Amino acid sequence: MIADQYLISRNHRRQEDNHNNLELFKSLLQPHFLFNSLNNLYALSLRKSEETPEAIAQLSNLLERVVTYSRKETILLSEEIALIEEYIALERIWLGECSFIMDFQVKGDTDGVSIPPLTIYTLIENAFKHGIRKCCNNGWVTIHLVVKDDKILLKVRNGVQPCEDDNQVSPVETTGLGIKAVRKLLESSYRNHYHLDARPIGNVYAVDLIIDRLAA
């Protein structure tokens with residue numbers, strides 16, 4: 001009986017620790033998003049763009065949803081995709097005359113599929129922050145999201161600028177906070193039932209994510 005009580009107590013503490021960790025990792029993603037967005041808005045205001053009021057309105061709506069979603073343990077994948085689409089529309093305003101090529105595809109049935117909030121979104125945000133914005137008029141990003149019966153597959157590829165100075169920090173070395181927070185969030189939600197690989201391949205940054213839906 002004492003052993004049973006011990007096991008129950010240990011499992012309860014473990015659940016509490018998992019919940020606290022989940023909240024911590026989600027809290028890391030909120031300021032990451034806000035900091036990046038304020039930087040973009042500041043850059044837009046310096047250009048004295050006529051689209052600044054529209055960008056502020058869109059950012060306000062996006063921030064409201066980010067805060068709302070981040071308070072939940074999971075959100076619908078369709079909600080995460082809609083958030084990404086709004087973010088990309090905002091990026092087009094922020095980038096102004098800077099053009100880029102994008103291949104964004106979603107395949108499979110997303111109905112009823114849930115994921116931890118801001119996981120995929122943060123990976124896409126990194127592709128823009130460390131790739132598109134530093135490759136003006138030469139930027140490109142590929143986003144392929146596939147939903148299967150047993151898995152969610154994400155492939156993100158974006159071009160990065162090579163460092164001309166050996167002492168300069170590579171863009172791919174500065175993507176740490178967002179990806180680390182996402183990795184911790186996935187670990188808390190799926191344990192070993194996911195795979196996240198983020199790495200540079202020459203002048204390309206590659207991210208591959210596989211989530212086992214059966215473990216959710």
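Because only heavy atoms are used, hydrogens play no part in the values below, and waters and symmetry mates are left out as well, while side chains stay in. Quantities reported herein were computed from a predicted structural model and do not represent experimental measurements.
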Remaining members of hydrophobic cluster (4.5 Å side-chain criterion), V146: L153, I210
Aromatic ring proximity, centroids under 6.0 angstrom, Y69 and Y121: no
Measure across [X] and [Y] and return the closest heavy-atom pair with its distance rounded to 0.1 Å.
X: V160; Y: V204; value: CG2-N, 4.0 Å
X: V156; Y: A127; value: CG1-CB, 4.0 Å
X: F128; Y: M102; value: CZ-SD, 4.4 Å
X: I75; Y: E79; value: CB-OE1, 3.4 Å
X: S70; Y: L118; value: CB-CD1, 4.4 Å
X: V106; Y: F104; value: CG2-CE1, 3.9 Å

Residues in side-chain contact (heavy atoms from CB on, under 4.5 Å) contact with A89, at least two apart in sequence or another chain: Q58
Residues in side-chain contact (heavy atoms from CB on, under 4.5 Å) contact with N192, at least two apart in sequence or another chain: E187
Using a 4.5 Å cut-off on heavy atoms from C-beta on, say whether the side chain of [Y] contacts that of [X].
X: Q105; Y: H144; result: yes
X: T119; Y: L186; result: yes
X: L77; Y: I120; result: yes
X: D197; Y: V207; result: no
X: I115; Y: Y190; result: yes

Return the [atom1] to [atom2] distance between [X] and [Y], rounded to the nearest 0.5 Å.
X: L90; Y: R92; atom1: CG; atom2: CZ; result: 11.5 Å
X: N203; Y: N138; atom1: CG; atom2: CG; result: 11.5 Å
X: I88; Y: I124; atom1: CD1; atom2: CD1; result: 6.5 Å
X: I211; Y: L209; atom1: CD1; atom2: CG; result: 4.5 Å
X: S188; Y: R183; atom1: OG; atom2: CZ; result: 13.0 Å
X: E125; Y: H130; atom1: CD; atom2: NE2; result: 8.5 Å

Between H195 and D212: side-chain donor-acceptor atoms closer than 3.5 Å: no
salt_bridge(R157, D208) N-O dist < 4.0 Å: yes
Is the side chain of [X] donor-acceptor paired with the backbone N or O of [Y] at a distance under 3.5 Å, no angle test?
X: E64; Y: N61; result: no
X: S189; Y: L185; result: yes
X: E80; Y: P117; result: no

D103, CG: over 12 other non-hydrogen atoms inside 6.0 angstrom: yes
